[in-house]
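Here the structure is a predicted model, which means the values were calculated and not measured.
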Amino acid sequence: MIYTKEIQSERLILRKVTENDVKSLYNNWDSDVEMHKYVGYELHTNIEDTKKLINKWISEYENGRLTWVIEIKSTGEVIGVISASSKE
């Protein structure tokens with residue numbers, strides 16, 4: 001298993017996704033029509049779509065695929081994600 005270390009800058013936190021991120025991810029990212037022009041999956045039309053995706057990302061940590069959320073430090077709002085994978 002690959003460990004995902006939290007990374008902080010002055011304004012942002014990059015960290016593992018959790019089930020608590022569903023509302024912010026849905027509102028600020030997954031339901032955004034413009035943003036979805038650049039990602040590899042369909043626009044989320046309800047919060048259940050985002051819950052399923054978050055659970056998938058959490059399960060992938062064991063297989064070397066890492067997904068960090070991008071959180072605004074001052075507000076706690078999650079505004080996006082960064083993903084990476086590793087072949088061990």
Side-chain angles (χ1 to χ4, degrees):
M1 180 174 111
I2 296 175
Y3 179 71
T4 304
K5 186 175 180 177
E6 183 176 287
I7 301 168
Q8 292 193 28
S9 72
E10 186 177 315
R11 294 178 35 238
L12 301 174
I13 300 171
L14 305 179
R15 61 168 174 75
K16 279 185 171 182
V17 65
T18 71
E19 291 178 354
N20 294 329
D21 298 320
V22 171
K23 185 177 178 182
S24 284
L25 272 175
Y26 178 74
N27 290 334
N28 297 326
W29 194 68
D30 282 331
S31 61
D32 184 320
V33 174
E34 285 300 309
M35 187 281 308
H36 267 78
K37 293 178 182 178
Y38 309 102
V39 298
Y41 60 90
E42 296 294 319
L43 177 72
H44 290 182
T45 57
N46 61 67
I47 201 161
E48 290 300 317
D49 292 338
T50 303
K51 285 182 187 178
K52 289 176 188 174
L53 183 60
I54 284 176
N55 287 327
K56 177 180 177 277
W57 288 338
I58 291 169
S59 71
E60 290 175 338
Y61 287 134
E62 296 293 325
N63 299 321
R65 178 146 175 92
L66 307 176
T67 302
W68 290 271
V69 294
I70 304 166
E71 177 183 320
I72 298 174
K73 193 183 279 189
S74 64
T75 65
E77 286 291 312
V78 175
I79 59 169
V81 299
I82 297 173
S83 296
S85 61
S86 172
K87 294 183 180 185
E88 292 185 27

Do [X] and [Y] have side-chain heavy atoms sitting under 4.5 Å apart?
X	Y	answer
W57	D21	no
D49	N46	yes
V69	R15	yes
Y61	V17	yes
L14	I70	yes

Of all heavy-atom pairs between [X] and [Y], which one has the smallest distance, and what is that distance?
X	Y	value
L12	I72	CD2-CA, 4.1 Å
S9	K73	O-NZ, 2.7 Å
R65	S83	NH2-CB, 3.4 Å

Rounded to the nearest 0.5 Å, how far apart are [atom1] of [X] and [atom2] of [Y]?
X	Y	atom1	atom2	result
I58	T67	CD1	OG1	10.0 Å
E19	N55	CD	CG	5.0 Å
K51	L25	NZ	CG	13.0 Å

Show your reasoning for whether salt bridge (Lys or Arg N to Asp or Glu O under 4.0 Å) applies to K56 and E60.
-> CA-CA 6 Å; K56 177 180 177 277; E60 290 175 338; 2.9 Å; yes

Do I13 and I54 belong to the same hydrophobic cluster, where Ile, Leu, Val, Met, Phe, Trp and Tyr are linked whenever their side-chain heavy atoms lie under 4.5 Å apart, directly or via other members?
->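 Unlinked, I13 and I54 end up in two clusters.
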
Using the rule that two of Ile, Leu, Val, Met, Phe, Trp, Tyr join whenever any of their side-chain heavy atoms come within less than 4.5 Å, decide whether V78 and I47 are in one cluster.
->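 The answer is yes; both residues are in one hydrophobic cluster.
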
